[in-house]
Amino acid sequence: MNLFKTSRFVLVIGDDGALLVQVTGKRVRDAWFVAADAEEGPQALAAYLALDRKAPVSVLVDVLEQVHRDETLPKVNPFDRAKVLKRRIDLAFPNDEMKAALPVRKTGTDGTSYLLTALPLSPSLAEWLEFLSKQPNPFEGFALLPLESLGMARELARAPTGEGRQWFALIGLHVTGGFRQVIETEGRLVVTRLTQPPPPDTPADEVAAQIEREFRSTLTYIKRMGYVEGDHLDVVVLAEPAVVEALAGQALPATRVTALTPYQAGERLGLKRVADPEGAFADAVHAAWAAGRQRTLVLKTPLMRRRQMMASSGNWAARAAAAATAATLGFTAYTVNESAIMHDEIDAANARLAHAQAELRQAEARLRELPVAPDEMRQLIAAYDDLGRKALPLPTFLATLARALGDDARIDAISIQAETAKDTPQGTRRPAAAQAKAGGFEVTMTVRFLTPLPDRQQAVDAAYALRDRMRDVLAPHDVQVSRLPVPVLPGESLQGKLEEPGGANTGPRRADFVVRGKP
Amino acid sequence: MTVSLRDIPAKLAIALAVLVLNGLGLAFGISALLDEQEALAVKLVAARQQAPAANSRAQQVRRDIDEAARLLPRYETIMKSGFVGTQDRLAALKRIEELGGNHALGDSSYRIAPEKTRPLQIAGQPRTMMSSEIELRNSALLDQEILDFWAKVLEGLPGRAATLKASLTRTGEVDQALLARLRKGERPNLVNGSINIEWQSLLPRGAQP
């Protein structure tokens, strides 16, 4: 097995036998022939195919029964073309399983031209089909040698592309069948014929004469296909060296005749080892030529199509299964990995939790060792302090007040009362907002002025002056005059005996004050 | 010629079997894994939430312990003051009389109102606060005598006492007549005083009023 180039097998099946050619690149590695009447039949080639079980097998059928027919389809909707074409094929070859159509470019026609082709499944071909279906080598279907050899004659003739219509005829002697003639123009098959080979040991000049006769017969066909005198016609003949020499004496009706041995043909085509220099048969040339090219047309039986479809489905299903398995495994691995990560994270979180719980237990043990619970201490102190907030600062207040009174005023009566102790007008509970002011207090006092203040205005001024002094020393508490020495506050009636202008009251003057203490 | 089951390529059959196995694996195995992962996520969230809660609780406990050390001296002072205990009106009256004996007071009278109770919670336990209003009326030559007496009473009562209201009223003048009475050894009064005190105690745990 060549490690660097893939090899493939080309099996040329004819009416007289089959030739299996193993090709690697452009080199023929080996070739094996099995006669049609061989006792072992196709099985004779099984061992050779087993040399490279992965190498695909291309089959070139070169039998007499193959049928070709030109058809031109009318212009139809592109979506309907396949259906119309299938109907044409079925009408043309109602009894054949292997049939197909090849689109061709054809000048002077309206519509799309097709080459309809059919290959009857003869017992011999059925035997080959059965054999090939059981081999491990990939087998695509049957290709037809005349179609696969299109273009070879132009290559061998080395014909330049000229003006006007060019025709090419390739004539070769095949070990698997006989004389095969392939006539083409504009890259399409015009006609192909397979005729009996000359008997063994026929002299070369007679073989050359037979070739001339057969070609002249073919010429009558192609004249009906559009060939006219004056068209360029290149004829390429592949034959043994003696026949090649003998052909020089024949007057083939062609523009140019190129006679080559199969060996020379291989050299011209860049193919190696297609034949011995003295070899007469051109089958291997066709096989090597076709090995390096895409098949022009492959014919399959319906069963082959179904099997290939299943094989193709198997390939797609295998890819899908591989992808699905990879995805499943990947997803599983991802999920398992995620689970492992989560397990680790849970372990870490549990470790942190255990540590925190140990610290908590330790702290709670210390807490329990305390003689009194902190909550109890805190709330008992709060309850104690709550009462403290309501305590009246009487001694402090009196001491401060003395500074404001000075030497010219004296307190006759003073009453201090906590806010909470005050009765509400209707004896109802005090509102919550007022309760919040607990700690405030109210002081009412009657102050007597020691200095004589005979003038009413002087007395009023002295009361306001004392209020201002009290405000200074008692800030931020609110100090108001609730009764002046003379009743001139809003709402008060001013009454009494008329005296000297300016007033001449010699008695002590008194004023009442209210201090609203803020908590 | 037809296609039988035997014609199905081994590759296709194996691939289909693998696909079915994948489907089964996804349907059962993966779903079980996903269920487990969901359960793990719940566990993880719980574990992650519990640790900070425990840490927070431990910090709170430590703060309580630290605060307890700070509160303890004050607490002990309050406990020594007799704030926690039952109210004995006779004992209180006796104490007031003792305190009044040290001051030059006249026309003294008292009134101790029936105690009131108020429920409250301390450290989650139901407790009872007892409260009695004490009214004292006195007269004296100097207002300072009365003020000093009131201060002693406020400090000397067991538990906690606070002034609700107080008043001082001058009833006379310092004049020759007053001085004459003083020279004769009399003890005239110039000031009347009145004070209302709220006396509070916290009943010991489990004690009935």
Side-chain angles (χ1 to χ4, degrees), chain A residues 301-303 306-307 310-311 313-315 317-318 320-321 324-325 328 331-332 335-336 338-339 342-343 345-346 349-350 352-353 356-357 359-360 363-364 366-367 370 372-381 383-384 387-388 390-392 394-395 398 411-418 420-421, chain B residues 1 3 7-9 11-12 14-16 18-19 22 25-26 29-30 33-34 36-37 40-41 43-44 47-48 50-51 54-55 57-58 61-62 64-65 67-68 71-72 74-75 78 83-84 120-125 129 147 150-151 160 162-170 196 198 200 202:
Chain A
T301 64
L303 181 63
R306 284 196 288 274
R307 281 178 174 166
M310 281 198 291
S313 303
N315 289 336
T325 305
T328 304
F331 186 66
T332 305
T335 310
V336 168
E338 283 288 300
S339 294
M342 287 180 85
H343 273 296
E345 288 182 357
I346 288 172
N350 280 335
R352 286 195 294 273
L353 176 61
Q357 285 174 335
E359 288 204 334
L360 176 60
E364 284 176 338
R366 281 177 56 204
L367 187 67
L370 293 176
V372 185
D375 268 357
E376 184 170 348
M377 284 195 272
R378 197 180 300 118
Q379 291 175 23
L380 189 137
I381 290 169
Y384 186 88
L387 185 63
K390 293 188 285 187
L392 292 177
L394 184 60
L398 289 175
I411 294 173
D412 277 355
I414 182 168
S415 172
I416 184 165
Q417 185 171 343
T420 50
Chain B
M1 295 173 83
V3 178
D7 292 328
I8 295 175
K11 192 188 274 185
L12 177 60
I14 291 168
L16 290 174
V18 169
L19 281 170
N22 271 301
L26 282 171
I30 302 297
L33 271 174
L34 290 176
E36 189 204 345
Q37 213 169 42
L40 287 175
K43 277 186 188 173
L44 181 59
R48 279 180 174 165
Q50 284 171 353
N55 273 327
R57 171 74 187 135
V61 170
R62 281 193 286 267
D64 282 351
I65 291 168
E67 193 182 6
L71 294 175
L72 191 58
R74 180 99 198 281
Y75 174 79
I78 292 171
F83 179 61
V84 179
L120 76 165
Q121 292 270 333
I122 289 188
Q125 297 291 321
M129 183 72 86
L147 289 172
W150 290 352
R160 183 78 165 138
T163 309
L164 292 177
K165 63 181 176 182
S167 64
L168 291 168
T169 309
R170 184 177 299 278
N196 288 59
E198 186 177 13
Q200 288 190 334
L202 183 68

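In this text, all values refer to a predicted model and were calculated from it rather than measured experimentally. Numbers restart at 1 for each chain; the letters A, B, ... are given by sequence-line order, proteins then strands.
Residue Arg62(B) holds its CZ atom at 12.0 Å from CG of Leu367(A), rounded to the nearest 0.5 Å. Taken from CG in Asn315(A) to CG in Leu12(B), the straight-line distance is 9.5 Å, to the nearest 0.5 Å. Here CD of Glu376(A) is found 8.0 Å from CD of Gln125(B). Values are rounded to the nearest 0.5 Å. Interatomic distance, CZ of Arg74(B) versus OH of Tyr384(A), reported as 7.0 Å (0.5 Å rounding).
Here Glu67(B) pairs with Arg378(A), Arg70(B) under the side-chain hydrogen bond (donor to acceptor under 3.5 Å, both in side chains) rule; sequence neighbours left out.
Between Ala321(A) and Ala15(B), the closest heavy-atom pair is CB-O, 3.5 Å. Minimum heavy-atom separation, Leu71(B) to Pro374(A): CD1-O, 4.3 Å. Ser339(A) approaches Gln37(B) most closely through the heavy-atom pair N-NE2, 3.6 Å. Shown here for Met129(B) and Ala383(A), the closest heavy-atom pair between the two residues is CE-CB, 3.9 Å. The shortest heavy-atom contact between Tyr75(B) and Ile381(A) is N-CD1, 4.1 Å. Of all heavy-atom pairs spanning Val61(B) and Glu364(A), the tightest one is CG1-N, 3.9 Å.
Taking the side chain as every heavy atom from C-beta outward, Glu345(A) and Arg48(B) approach each other to under 4.5 Å. Annotation: side chain of Leu164(B) is not in contact with side chain of Gln417(A) (no heavy-atom distance under 4.5 Å). Side-chain contact check for Ile416(A) versus Lys165(B): every heavy-atom pair is 4.5 Å or farther apart.
Neither the backbone nor the side chain of Ala373(A) comes within contact range of chain B; no heavy atom of the residue lies under 4.5 Å from a heavy atom of that chain. Interface residue Glu36(B): only side-chain heavy atoms are found under 4.5 Å from chain A. Both the backbone and the side chain of Ile414(A) have a heavy atom closer than 4.5 Å to some heavy atom of chain B.
The choice from Thr335(A), Asn350(A), Asp375(A) that makes the most heavy-atom pairs within less than 4.5 Å of chain B is Thr335(A). Most heavy-atom pairs under 4.5 Å with chain A: of the set Ile122(B), Val84(B), Thr169(B), Leu202(B), this distinction falls to Ile122(B). Interface summary for chain B: among Ile411(A), Val336(A), Thr325(A), the most heavy-atom pairs under 4.5 angstrom belong to Thr325(A). Top candidate by heavy-atom pairs under 4.5 Å with chain A, chosen from Asn55(B), Val18(B), Ile78(B), is Ile78(B). Across Leu19(B), Ile14(B), Asn22(B), the residue that shares the most heavy-atom pairs under 4.5 angstrom with chain A is Asn22(B).
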- Message: Quick one, Leu168(B) with Leu398(A), criterion side chain to side chain contact (heavy atoms under 4.5 Å, CB included). Give me CA distance, side-chain angles, the key distance, then yes/no.
- Response: CA-CA 11 Å; Leu168(B) 291 168; Leu398(A) 289 175; 4.2 Å; yes
